[in-house]
Amino acid sequence: MKAALLQLNVSDDPVANLVETTALLRAAVAEGAQFVLTPEVTNCISTSRDRQREVLQDEASDITLAGLRAEAAAQGIWLLIGSLAVKTDDPDGRFANRQFLIAPDGGIQARYDKIHMFDVEIGQGESYRESAGYRPGRRAVVADLPAFRLGMATCYDMRFGHLSRALVQAGAQVLVYPSAFSPVTGAAHWHSLLRARAIESGAWVLAPAQTGTHDATEGKPRSTYGHSLVVDPWGDVLVDAGTETGFSVFDLDIDRVANARRRIPALENARDFDGP
Ligand SMILES: O=C(O)CNC(=O)[C@H](CS)NC(=O)CCC(=O)C(=O)O
């Protein structure tokens, strides 16, 4: 199956973002992609919670979800919306950071709310507190396409190997990590983490990413690392999209999963053990 990652530089304007995402999706489909994946927070990146609250909706009213579902149906493709920030009934007014798998008829096949919140102090004045704006999910999710099983995870989730292990133990052959990674941690960890998840799982790892500088409402713009990555089940990097926006089409050959797992049967060799 031909698949494509979209690399985006979204603003705090969901309408403009939808226009840009749709144009790239159509270009990828024109090159044969039957499965298209978008990055984390495809609908909006804003440094202002007030702005987010003003322009974003709950799932039922989200224009990005409605627009991309219609587009997937018009093109007859599978679409992984890397995530949308959507309003929830959280008592603290927090959003969900929610992934959607859309089927070729436009139906919602699966949803996943990001579990691990990026609450960190990286140093040099850079800190993030994702849990202040987002309510974490509690449930790991796998979903079936006709030819393979997908394990859904988002961005910072890639640092938690027990989540990917649970997903592959539940049958996932393709792991997705749509992201809006920080440039500092991206340079230090992005390629290593994603290759490790692919190698230890014998699974494809697909990581469509946000890139560049984004909204600066709060004075300082938010920057993201880019480098959308495709890693095959042996750990080879098939696509590194660099820092420009655009799309990357590649051949998602599911036979490589069985091949890698035959050579290194890490899932079969794994053992239960007593605690240290
Ligand atoms: O803020 C939003 O609107 C959506 N959420 C994100 O972009 C999140 C939290 S700031 N980004 C990450 O998880 C990056 C993880 C990362 O960079 C690492 O693990 O090193």
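Residue numbers count from 1 along this sequence. Just so you know, ligand 1 is whichever comes first in the structure, and atom 1 is the first atom listed for that ligand.
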Could you go step by step and tell me if Thr21 and Leu68 meet the side chain to side chain contact (heavy atoms under 4.5 Å, CB included) rule?
CA-CA 9 Å; Thr21 303; Leu68 292 180; 4.2 Å; yes

Taking atom types as modelled, is there a side-chain donor on Asn9 or Thr245 under 3.5 Å from an acceptor on the other?
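No - no donor-acceptor pair under 3.5 Å links their side chains.
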
What's the shortest distance from [atom] to any protein heavy atom, and which residue and atom give it?
{"atom": "atom 1 (O) of ligand 1", "result": "Arg222 NH1, 3.2 Å"}
{"atom": "atom 6 (C) of ligand 1", "result": "Glu40 OE2, 3.4 Å"}
{"atom": "atom 18 (C) of ligand 1", "result": "Phe181 CZ, 3.2 Å"}
{"atom": "atom 5 (N) of ligand 1", "result": "Glu130 OE2, 3.1 Å"}
{"atom": "atom 17 (O) of ligand 1", "result": "Ser182 N, 2.9 Å"}
{"atom": "atom 11 (N) of ligand 1", "result": "Ala180 O, 3.4 Å"}

Taking 4.0 angstrom as the limit and counting only heavy atoms of Thr185, give me the atoms of ligand 1 inside it, by number and element.
16 (C), 17 (O), 18 (C), 20 (O)

Please determine whether side chain to side chain contact (heavy atoms under 4.5 Å, CB included) holds for the pair Arg135 and Asp89, giving the CA-CA distance in whole Å, both sets of side-chain angles, and the decisive distance to 0.1 Å.
CA-CA 10 Å; Arg135 176 188 74 182; Asp89 59 5; 3.2 Å; yes

Per-residue contact class, [X] against ligand 1 - non-hydrogen pairs under 4.0 Å:
{"X": "Arg159", "result": "side chain"}
{"X": "Tyr156", "result": "both"}
{"X": "Cys155", "result": "side chain"}
{"X": "Tyr128", "result": "side chain"}
{"X": "His116", "result": "neither"}
{"X": "Tyr134", "result": "side chain"}
{"X": "Met117", "result": "neither"}

Can you classify the ring geometry of Phe35 versus Phe148 as parallel (below 30°), tilted (30 to 60°) or perpendicular (above 60°)?
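Rings of Phe35 and Phe148: tilted, as their planes differ by 30° to 60°.
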
Acceptor/donor pairs from residues 201-213 side chains to any protein atom, 3.5 angstrom cut, sequence neighbours excluded:
{"unit_1": "Ser201", "atom_1": "OG", "unit_2": "Arg197", "atom_2": "O", "d": "2.6"}
{"unit_1": "Trp204", "atom_1": "NE1", "unit_2": "Asp253", "atom_2": "O", "d": "3.0"}
{"unit_1": "Gln210", "atom_1": "OE1", "unit_2": "Val10", "atom_2": "N", "d": "3.2"}
{"unit_1": "Gln210", "atom_1": "NE2", "unit_2": "Glu40", "atom_2": "O", "d": "2.9"}
{"unit_1": "Gln210", "atom_1": "NE2", "unit_2": "Val41", "atom_2": "O", "d": "3.2"}
{"unit_1": "Thr211", "atom_1": "OG1", "unit_2": "Thr243", "atom_2": "O", "d": "2.8"}

Just to verify, what does Tyr156 make a ring-ring contact (aromatic ring centres under 6.0 Å, His included) with, not counting sequence neighbours?
Phe118, Phe160

Is there a heavy atom in Lys114 that sits closer than 4.0 Å to ligand 1?
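True for this residue.
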
Any non-hydrogen atom of Asn97 lying under 4.0 Å from ligand 1?
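Under 4.0 Å: yes for Asn97.
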
I'd like to know if the side chain of Asp92 and the backbone of Arg94 have a donor-acceptor N/O pair within less than 3.5 Å.
no

Donor-acceptor contact present, side-chain Tyr134 to main-chain Gly137, <3.5 Å
no

What's the separation between atom CD in Gln7 and atom OG in Ser228, rounded to the nearest 0.5 Å?
3.5 Å

Any Lys/Arg nitrogen of Arg98 or Asp58 sitting under 4.0 Å from an Asp/Glu carboxylate oxygen of the other?
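Looking at Asp58 together with Arg98, the answer is no, because their closest N to O distance does not fall below 4.0 Å.
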
